[in-house]
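Input: a single structure, listed below in structure tokens.
All chains are named by letter (A, B, ...) in the order of the sequence lines, taking the proteins before the strands, and each is independently numbered beginning at 1.
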Number of protein chains: 2
Amino acid sequence: MEARIEKIKQQLQSHGFKLTPQREATVRVLLENEEDHLSAEDVFMLVKDKAPEIGLATVYRTLELLSDLHVVEKMNFGDGVARYDLRNDSTRHHHHHLICVQCGALDEIMEDWLTDLELRLENEYRFQVLDHRLDFQGICHRCRDKNNS
Amino acid sequence: MEARIEKIKQQLQSHGFKLTPQREATVRVLLENEEDHLSAEDVFMLVKDKAPEIGLATVYRTLELLSDLHVVEKMNFGDGVARYDLRNDSTRHHHHHLICVQCGALDEIMEDWLTDLELRLENEYRFQVLDHRLDFQGICHRCRDKNNS
DNA sequence: ATGAATGCAAAACTTTTGCAGGACG
DNA sequence: CGTCCTGCAAAAGTTTTGCATTCAT
């Protein structure tokens, strides 16, 4: 955990930004809730425990900054709020989402299933893939069990 | 074109809704701009040519209604506005997006590349897929040509 | 001292809602 | 009438911005 903070600190510094206490608190919240796809408001509320004086604007600015540096990924699931995820490496994002339309659960698949497709894109469309996003909507296994009982 | 309007009219009526002049104007705008991913505001401005008295709220309500009926698909590309696409059939949506991070162009792949993956999801995760979404970010072939010249 | 970063409040923007009036069977 | 639908205006919600102040060098 400390190592990951240190790495992010260096990413900031190499672009001329500082890891201020507010930014560190924000990053720690993201680290402690890596599974969660937090919205800016979510992050704000959690950060307030660590740094009660922080303002919502600072959280937005921090998330925006981290997003520009590709430390976090900004996502939209169609519910009107942006959600933010720490990236595991600073380069590519290799997981997919299973969104249950019945209970709203959001599961993840950590494998990258798209390598073949990206090759096809490169060859057939001459499109150089930098990142991708793959979401499935459907019924999760829990709801299927529930529905059948 | 008229045939497609007629079909949408029937879809509305079968659920107890009417194809009012405002709704028809909205659908026509969507039909005439099928390649674009229009935002509600875009639709509103285009619809005003056909029906100047229409209100923005009506456009939102119409798009929401058509979305519920799966006549249009509501999408988010991360720029803070929802965008709406007519579906070709009323069941599944089988195209993917190539988003160029350099020029912002949005190309589409009309094939469905995910059938295999959906089988795997069904077998390995017991997730019943109803719909999916696949976007790639990268550099489009036009920008690659431009960059190399 | 200088530039970067913050907090607060206000503003901007997208989307939703309340409500009075209209259309239409 | 009754119900669905509309336009307008107001409200709600998220995100951005302006600005004075504070914080680090």
Pairs touching residues 52-61 of chain B that satisfy side-chain hydrogen bond (donor to acceptor under 3.5 Å, both in side chains), sequence neighbours left out
none
Kindly say whether B:Lys18 contributes a backbone atom to a donor-acceptor pair with the side chain of B:Arg23 at under 3.5 angstrom?
yes
Starting the side chain at C-beta, find the nucleotide from C:dT17, D:dT15, D:dT17 nearest to A:Val81.
D:dT15
Would you say the rings of A:His37 and A:Tyr84 are close, in the sense that their centroids are separated by under 6.0 Å?
no
Looking at A:Thr20, does any N or O in its side chain come under 4.0 Å of the phosphate oxygens OP1/OP2 on C:dT6?
yes
Ring centres of B:His132 and A:His96 under 6.0 Å apart?
no
Note: A:Asp145-B:Arg126 ion pair, threshold 4.0 Å (strictly below):
yes
With B for base contact, S for sugar-phosphate-only contact and - for none (protein heavy atoms under 4.0 Å), nucleotides 20-25 of chain D reads ------
With DNA chain D as reference, determine whether B:Gln22 or A:Gly80 sits nearer its 5' end, using the nearest nucleotide of each.
B:Gln22
Show every donor-acceptor pair shorter than 3.5 Å between a side-chain atom in residues 26-35 of chain B and any protein atom, with sequence neighbours excluded, or say none if there are none.
from: B:Thr26; atom 1: OG1; to: B:Gln22; atom 2: O; distance (Å): 2.8
from: B:Arg28; atom 1: NE; to: B:Glu24; atom 2: OE2; distance (Å): 3.1
from: B:Arg28; atom 1: NH1; to: B:Glu2; atom 2: OE2; distance (Å): 3.1
from: B:Arg28; atom 1: NH2; to: B:Glu2; atom 2: OE1; distance (Å): 3.1
from: B:Arg28; atom 1: NH2; to: B:Glu24; atom 2: OE2; distance (Å): 2.8
from: B:Glu32; atom 1: OE1; to: B:Lys50; atom 2: NZ; distance (Å): 3.2
from: B:Glu32; atom 1: OE2; to: B:Lys50; atom 2: NZ; distance (Å): 3.1
from: B:Asn33; atom 1: ND2; to: B:Val29; atom 2: O; distance (Å): 2.8
from: B:Glu34; atom 1: OE1; to: B:Arg4; atom 2: NH1; distance (Å): 3.1
from: B:Glu34; atom 1: OE2; to: B:Arg4; atom 2: NH1; distance (Å): 3.2
from: B:Glu34; atom 1: OE2; to: B:Arg4; atom 2: NH2; distance (Å): 3.1

By salt bridge (charged side-chain N to carboxylate O under 4.0 Å, His left out), which residues pair with A:Asp116, not counting sequence neighbours?
none
Donor-acceptor pair, side chain of B:Arg83 and main chain of B:Asn76, under 3.5 angstrom
no
Counterpart residues, side-chain contact (heavy atoms from CB on, under 4.5 Å), relative to B:Arg142 (two or more places apart):
B:Ala105, B:Asp107, B:Cys140
Taking the nucleotide of DNA chain C with the nearest heavy atom to each, does A:Phe17 or B:Ala82 sit closer to the 5' end?
A:Phe17
To the nearest angstrom, the CG-P distance between B:Leu63 and C:dT14 comes to 15 Å
Tell me the interatomic distance from A:Arg83, atom CZ, to D:dT14, atom P, rounded to whole angstroms.
10 Å
Whole Å only: how far is the CG atom of A:Asp68 from the P atom of C:dA5?
13 Å
4.5 Å side-chain heavy-atom contact, B:Phe136 and A:Asp131
no
Between CG of B:Leu56 and C1' of C:dT14 the distance, given in whole Å, is 9 Å
Is the distance from OP1 or OP2 of D:dT16 to the nearest side-chain N or O of A:Tyr60 less than 4.0 Å?
no
Any side-chain N or O of B:Thr58 under 4.0 Å from OP1/OP2 of D:dG7?
yes
Residues within residues 23-53 of chain A bordering DNA chain C, heavy-atom distance below 4.0 Å
A:Arg23, A:Glu53
Using whole Å, report how far CZ of A:Arg61 lies from P of C:dG7.
8 Å
Roughly, in whole Å, what's the span from CD in A:Gln13 to C1' in C:dA5?
15 Å
Rounded interatomic separation in angstrom, taking NE2 from A:His15 and P from C:dA4
15 Å
Pick base, sugar-phosphate or nothing for B:Ile54, based on heavy-atom distances below 4.0 Å to the nucleic acid.
sugar-phosphate
Rounded off to whole Å, could you give me the CE-to-P distance for the A:Met75 and D:dT15 pair?
13 Å
